[in-house]
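As structure tokens, the structure follows; a few thoughts come after it.
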Amino acid sequence: MPDRAPQPVDRQLPTDEARDLISLVRDIAQHEIAPKAAEEEGAGHFPREVFTLLSRASLLGLPYDSEHGGADQPYEVYLQVLEELAAARLTVGLGVSVHTLASYALATYGTKEQQVEHLPAMLGGGLLGAYCLSEPSSGSDAASLRTRAVRDGEDWVITGTKAWITHGGVADFYTVMARTGEEGPRGITAFLVPADAEGVSAAAPEKKMGMKGSPTAQVHFDGVRVPDGRRIGDEGQGFAIALSALDSGRLGIAACAIGVAQAALDEAVGYATGRQQFGRPIADFQGLRFMLADMATQIEAGRALYLAAARLRDAGRPFAKQAAMAKLHCTDTAMKVTIDAVQVLGGYGYTADFPAERYMREAKVLQIVEGTNQIQRMVIARHLAGPETR
């Protein structure tokens, strides 16, 4: 029914290399990802073959050093790649963001020896990562985690359960936050745990509202022994590493949200310009025209917000407040825009024959992952008014 092809986002990119990169990503998205998205999401199929392709194309380590298999791209460019991938299929865009998050600790806090040993395979060797912070009893209150790592000679023995782990059961490595000392944030240490280590197992994937192709599962660590050489950073530094990683990860979620919102807007515009009622396209009616205008405006505002935060990060300046703002605004925008897209399509929007309903179901999780939007408001308020009084 749509007779108006969506126009590619007009991106302001810093280099010719970045423009070529976006062209490559769009080609992969158009030919390898989008055509299978609806069918594979409906079937709950995880597209591991797509992540293998992205690794071969050097797209799984974009913001990290080329010395270790990355691509030396600024966050400003990396996030726009995520947006393009998420617009084609959120399972892929979010998956790349999670892999980047899982690689962050080692890439940023690992020793030179650790980086040389592990990063090439993580960033360009076909491996896929997962980030293990949340637990069944500690989500927003992450500092109360109970998974414990006990020193045994030159090894650590990790025992506990992590929850809501994207790529749980399909990842090749897990970045795990475990308690090694006192209660609270100062007693947590980060570890790099191979998925095939004895004692690592995953529960059945959660049955979710959306993103059915992306496995989310509990991951169990039953006396998992890892050498001290897989400890990342100092003992007790793990929670600080986790929060630092989440500042960057939230920008990834923001970019993915704008990708989903853009896909929903494109679908709504295409439908509205092709659907005839009362002898003319429904896009001629002011009620719908204004709705489309509001959707587009909020998307552009969200894109500008996440890019502004990314440029602060690239410049080495503080960006935690702006990252929280971007995650909050962009994911709320994705929810609103996808709901409006369903409304534009009317009854067709409520059917699986069109992708609008899938976009709406997928947008919801983005308001929850990597810190709920209520947590983002707390983070922003602390930057403005200081910590809460007790």
Side-chain angles (χ1 to χ4, degrees), residues 46-65 68-71 73 75 78 81-82 85-86 90-110 114-134 147 158 162-178 189-197 200-202 205 211 213-221 224 226 229-233 238 241-253 255-256 369-370:
F46 177 65
R48 183 59 194 253
E49 66 284 356
V50 170
F51 289 95
T52 300
L53 172 63
L54 295 177
S55 180
R56 290 173 178 166
S58 300
L59 296 176
L60 286 190
L62 287 175
Y64 297 124
D65 291 343
H68 302 303
Q73 289 299 317
Y75 243 67
Y78 157 67
V81 168
L82 281 189
L85 293 172
L90 183 57
T91 285
V92 176
L94 186 68
V96 173
S97 181
V98 166
H99 175 80
T100 303
L101 177 69
S103 302
Y104 175 91
L106 190 69
T108 308
Y109 291 89
Q114 287 174 322
Q115 292 172 352
V116 169
E117 181 178 359
H118 300 297
L119 277 181
M122 292 164 61
L123 301 182
L127 300 188
L128 189 66
Y131 179 80
C132 296
L133 176 62
S134 295
T147 295
I158 302 174
K162 295 296 183 176
W164 310 111
I165 305 305
T166 301
H167 300 158
V170 300
D172 299 297
F173 66 90
Y174 297 102
T175 296
V176 181
M177 305 301 163
T189 302
F191 297 90
L192 181 68
V193 180
D196 61 359
V200 177
S201 64
M211 287 196 70
S214 175
T216 303
Q218 291 190 356
V219 179
H220 306 298
F221 300 87
V224 178
V226 296
R230 282 183 172 267
R231 170 178 50 83
I232 304 172
I241 292 173
L243 294 185
S244 178
L246 286 174
D247 284 340
S248 297
R250 285 166 181 161
L251 291 180
I253 300 301
C256 287
V369 297
E370 295 191 28

Problem set entry | Pair Tyr78-Thr100, side-chain donor/acceptor within less than 3.5 Å | yes
Problem set entry | Spacing of Phe191 atom CZ and Arg231 atom CZ [to the nearest 0.5 Å] | 7.5 Å
Seminar exercise, completed: For Ser55 and Gly125 the tightest heavy-atom approach is OG-N, 3.8 Å
For this session: Identify the two heavy atoms, one from His99 and one from Met122, that lie closest to each other, and give their separation to 0.1 Å.
Result: NE2-O, 2.8 Å
Exercise. So, the side chain of Gln218 versus the backbone of Ala163: is there a donor-acceptor pair under 3.5 Å, distance only?
Worked result: no
Exercise. Is there a side chain to side chain contact (heavy atoms under 4.5 Å, CB included) between Leu90 and Val92 once you walk through the steps?
Worked result: CA-CA 5 Å; Leu90 183 57; Val92 176; over 6 Å; no
For this session: May I ask you to decide if the ring planes of Phe221 and Tyr174 are parallel, tilted or perpendicular, using 30° and 60° as cut-offs?
Result: perpendicular
Exercise. Which atom pair, heavy atoms only, marks the closest approach of Glu370 to Arg250?
Worked result: O-NE, 3.0 Å
For this session: Go through Leu106 and Thr175 one step at a time and tell me if the side chain to side chain contact (heavy atoms under 4.5 Å, CB included) criterion holds.
Result: CA-CA 9 Å; Leu106 190 69; Thr175 296; over 6 Å; no
Problem set entry | Donor-acceptor under 3.5 Å (Gln73 side chain, Pro63 main chain) | no
Problem set entry | Spatial distance of atom CZ (Arg230) from atom CZ (Phe173) [nearest 0.5 Å] | 10.0 Å
Please list every donor-acceptor pair under 3.5 Å in which a side-chain atom of residues 164-171 meets a protein atom from a residue at least two apart or in another chain.
{"from": "His167", "atom 1": "ND1", "to": "Gly129", "atom 2": "O", "distance (Å)": "3.0"}

Exercise. Atom OG in Ser103, atom CG in Leu192: separation rounded to 0.5 Å?
Worked result: 9.0 Å
For this session: Over all heavy atoms of both residues, which pair between Ala255 and Leu82 is shortest? Give the atoms and the distance, please.
Result: CB-CB, 4.2 Å
Seminar exercise, completed: Residues Ala105 and Ile241: closest non-hydrogen pair is CB-CG2, 3.7 Å
Exercise. What's the spacing between Leu60 CG and Thr52 OG1 if we round to 0.5 Å?
Worked result: 8.5 Å
Exercise. Do side-chain atoms of Lys162 reach the backbone of Tyr131 as a donor and acceptor pair under 3.5 angstrom?
Worked result: no
For this session: Answer yes or no: is there a side-chain heavy-atom contact under 4.5 Å between Met177 and Thr147?
Result: no
Exercise. Atom CG of Leu85 and atom OG1 of Thr91: how far apart are they, to the nearest 0.5 Å?
Worked result: 12.0 Å
Exercise. Are there more than 12 heavy atoms of other residues, nucleotides or ligands under 6.0 Å from atom CZ of Arg56?
Worked result: no
For this session: Evaluate the side chain to side chain contact (heavy atoms under 4.5 Å, CB included) criterion for residues Leu59 and Val96: first the C-alpha distance (whole Å), next the side-chain angles of each, then the deciding distance (0.1 Å), finally the verdict.
Result: CA-CA 8 Å; Leu59 296 176; Val96 173; over 6 Å; no
Problem set entry | Polar side chain donor-acceptor pair, Thr108 to Tyr64, under 3.5 angstrom | no
Seminar exercise, completed: Output for pair (Cys256 SG, Leu251 CG), nearest 0.5 Å, gives 11.0 Å
Seminar exercise, completed: Of all heavy-atom pairs linking Gln114 and Gly229, the shortest is NE2-O, 2.7 Å
